[in-house]
Participant: 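Pasting a structure here, questions to come.
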Amino acid sequence: MEILQYDFMVRALIAALLVGLTAPAVGIYLVQRRMALMGDGIGHIALTGVAAGFFFNTSPVWTAVIVAALGGIIVELIRSSTRTSGDVALAMLFYGGIAGGVLLMGLADTSNVNLMSYLFGSLLTTSAEDLWVIGGLAMAVLAVTLGGRKMLFAICHDEEYAKVAGLPVRFLNLLLVVTAAVTVTVAMRVVGLLLVSALMVVPVAAASQLTRGFMATLALALTIGVLVSVGGAGGSFYLDTAPGATIVVTAIAVFLITGSLAAFAKAVRRWTPQ
Amino acid sequence: MESRQDEIVALDHARVTYERQPAIDDVNISIRRGEVVALLGANGSGKTTVIRSSLGLVDVDHGEARLFGTPLKRFHQWQRVGYVPQRLGAGSGVPATVTEVVASGRLTRKKLFNGRADRKAIAEALDAVGLADRAREPVSTLSGGQQQRVLIARALAGEPELLVLDEPTVGVDAASQQALAAALLDRIRTGITMLLVTHEMGVLAPLITRTITMHDGHVAYDGAPHGFEPGDLAGRADAHCERGDLEQPPPIDEHPHAPGVTANMWGEK
């Protein structure tokens with residue numbers, strides 16, 4: 001295959017594969033809890049972390065992990081301690097994240113090209129070191145989200161019940177947001193901070209059109225995540241389009257297909273005599 | 001002082017305050033092993049707060065809450081407790097099968113790799129509530145009453161010694177109510193202790209050994225269910241069927257903290 005003759009494309013496809021696995025693995029819990037936009041918010045906050053990396057002349061990935069994780073913890077504390085008034089506080093945090101990031105990048109005298117590469121991804125510039133970092137973080141994310149799936153399912157499904165069952169609910173909630181923050185930074189290279197959330201949410205939404213249970217949804221969402229990420233990244237090579245956007249558009253196309261299939265199946269059931 | 005050995009649920013001079021308004025105040029309740037207690041009262045009387053504080057879902061800001069004789073702060077044996085909330089929250093964004101929900105009930109057991117015992121307990125719990133044939137279906141396709149039974153199965157799957165139920169019969173169809181009463185009766189025979197919040201005892205009346213009526217954040221009545229002899233399941237079931245007793249004057253208790261305030265354990269007619 002022509003595409004595999006280019007080292008940068010091989011690295012890009014591996015990065016896409018890792019992100020396609022991890023993003024839905026975290027996203028399923030956020031969707032289950034009806035907090036699908038959480039990943040989006042953490043993505044906004046992570047921009048400040050990226051900018052801080054440029055400002056202090058260190059690796060933007062690690063500063064992004066730290067700032068996004070701190071932001072995620074604040075978001076979780078707001079969520080768990082307030083009922084409705086948290087809404088505005090979250091909005092401020094998210095917009096503050098974008099604005100702070102752009103501001104810091106200006107102060108650090110970084111080019112707009114750099115800013116754009118973090119907002120919308122720059123898959124093709126993935127280096128070998130980047131791959132090691134992405135790979136390590138992806139393994140950690142999968143260890144938490146797959147290894148802890150029963151407990152995370154319980155707290156996202158019915159938090160009060162989980163408390164009475166004696167689960168460390170507060171710890172698990174914090175673990176989940178920190179994992180989401182790590183995932184955002186893993187995925188920012190591939191689809192960009194503004195589209196990270198799409199890869200967390202859309203494969204899960206597409207899978208749940210066809211499934212009846214949680215574990216089945218998890219398995220199918222990971223499969224769809226990998227297919228659209230690798231397929232989208234490969235497709236962008238031939239179509240000469242932006243990889244991040246191509247991946248997300250592919251994911252939405254898959255969602256439309258599974259949604260239509262589900263609607264069709266329902267109609268068939270309704271019209272078939274019992 | 002009485003021995004705490006048999007004390008399963010206890011509130012000692014408990015007060016819970018929501019936004020400076022006490023929801024319950026100076027509440028003393030002690031439930032002993034094997035009792036089946038109905039917590040009655042109008043909306044806002046504090047009955048849900050009683051169970052939420054005794055389970056640690058809200059903190060008491062004065063007094064003490066104990067489970068199995070241990071103050072809640074030091075209580076860790078949550079596998080002994082089964083909780084059935086009133087409703088499954090806002091509904092989940094991802095489908096879940098009946099079995100998956102009931103399997104959460106096994107998490108109290110803290111053994112992660114105990115597959116055979118888990119599967120057996122889950123199957124038995126589903127059987128007890130009459131939903132064995134729906135095990136692989138998504139919870140969202142079940143009726144409200146069936147969903148309630150799923151939540152009861154989840155609590156039963158943990159094989160608890162204490163079962164706490166919040167309004168288990170509200171909005172539940174007649175068939176489900178019967179299935180529910182049968183499942184609970186089964187567990188009562190094995191000696192389980194039960195605390196249930198309810199508006200009206202309905203089909204569960206024959207199971208109840210004691211009623212506590214809340215009024216305005218205080219205990220207004222605590223004693224034998226009216227018209228039944230406690231400890232005689234069959235006798236009470238018959239009495240319940242005839243139900244002539246409701247025509248008698250209801251028991252009136254004077255409020256211990258508000259002389260002159262009376263409470264009717266059956267609610268206002």
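Chain letters run A, B, ... following the sequence lines, proteins first, then strands; residues in each count from 1. These numbers come from a predicted model, not from an experiment.
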Participant: Looking only at heavy atoms, which two atoms of Tyr83(B) and Val164(A) are closest? And how far apart?
Facilitator: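 Tyr83(B) and Val164(A) have their closest heavy atoms at CB-CG1, 3.5 Å.
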Participant: Could you measure the distance from the OH atom of Tyr161(A) to the OG atom of Ser104(B)? Nearest 0.5 Å is fine.
Facilitator: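 One finds 7.0 Å between OH of Tyr161(A) and OG of Ser104(B).
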Participant: Going from CG on Asp158(A) to CG on Leu151(B), what distance comes out if it is rounded to the nearest 0.5 angstrom?
Facilitator: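 If I round to the nearest 0.5 Å, the distance is 7.0 Å.
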Participant: Which atoms of Tyr29(A) are under 4.5 Å from chain B, going by heavy atoms: the side chain, the backbone, both sets, or neither?
Facilitator: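 Interface part for Tyr29(A): neither.
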Participant: Might you work through the side chain to side chain contact (heavy atoms under 4.5 Å, CB included) test for Arg52(B) and Glu160(A), ending with a clear yes or no?
Facilitator: CA-CA 10 Å; Arg52(B) 290 177 64 79; Glu160(A) 293 217 318; 2.7 Å; yes
Participant: Contact part of Thr217(A) toward chain B, heavy-atom cut-off under 4.5 Å: side chain, backbone, both or neither?
Facilitator: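 Side chain only.
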Participant: Take a 6.0 Å sphere around OH of Tyr18(B) and say whether it holds more than 12 heavy atoms from other residues, nucleotides or ligands.
Facilitator: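 Yes, OH of Tyr18(B) has more than 12 neighbouring heavy atoms, counting only those of other groups under 6.0 Å.
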Participant: Looking at chain A, which one of Ala96(B), Ser140(B), Pro95(B) has the largest number of heavy-atom pairs inside 4.5 Å, strictly under?
Facilitator: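 The residue among Ala96(B), Ser140(B), Pro95(B) with the greatest pair count is Pro95(B).
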Participant: Would you say Arg212(A) and Pro138(B) make side-chain contact, with heavy atoms under 4.5 Å?
Facilitator: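 Result yes, sub-4.5 Å side-chain heavy-atom pair found.
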Participant: List the atom of Phe214(A), the atom of Val94(B), and the distance in Å for their closest heavy-atom pair.
Facilitator: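 Taking every non-hydrogen atom into account, CD1-CG1, 3.7 Å.
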Participant: Under 4.5 Å heavy-atom distance to chain B, tell me which part of Val204(A) shows up: side chain, backbone, both or neither.
Facilitator: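 Looking at Val204(A), just its side chain touches chain B.
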Participant: Would you name the heavy atoms of Glu100(B) and Met215(A) that are closest together and state the gap between them?
Facilitator: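 Taking Glu100(B) first and Met215(A) second, the nearest heavy atoms are OE2-N, 2.9 Å.
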Participant: If you count heavy-atom pairs under 4.5 Å with chain A, which of Ala103(B), Gly105(B), Gly158(B) comes out on top?
Facilitator: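 Among Ala103(B), Gly105(B), Gly158(B), the one with the most close pairs to chain A is Gly105(B).
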Participant: Need one label for Leu167(A): side chain, backbone, both or neither, based on atoms under 4.5 Å from any heavy atom in chain B.
Facilitator: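 For Leu167(A), the side chain is the part near chain B, not the backbone.
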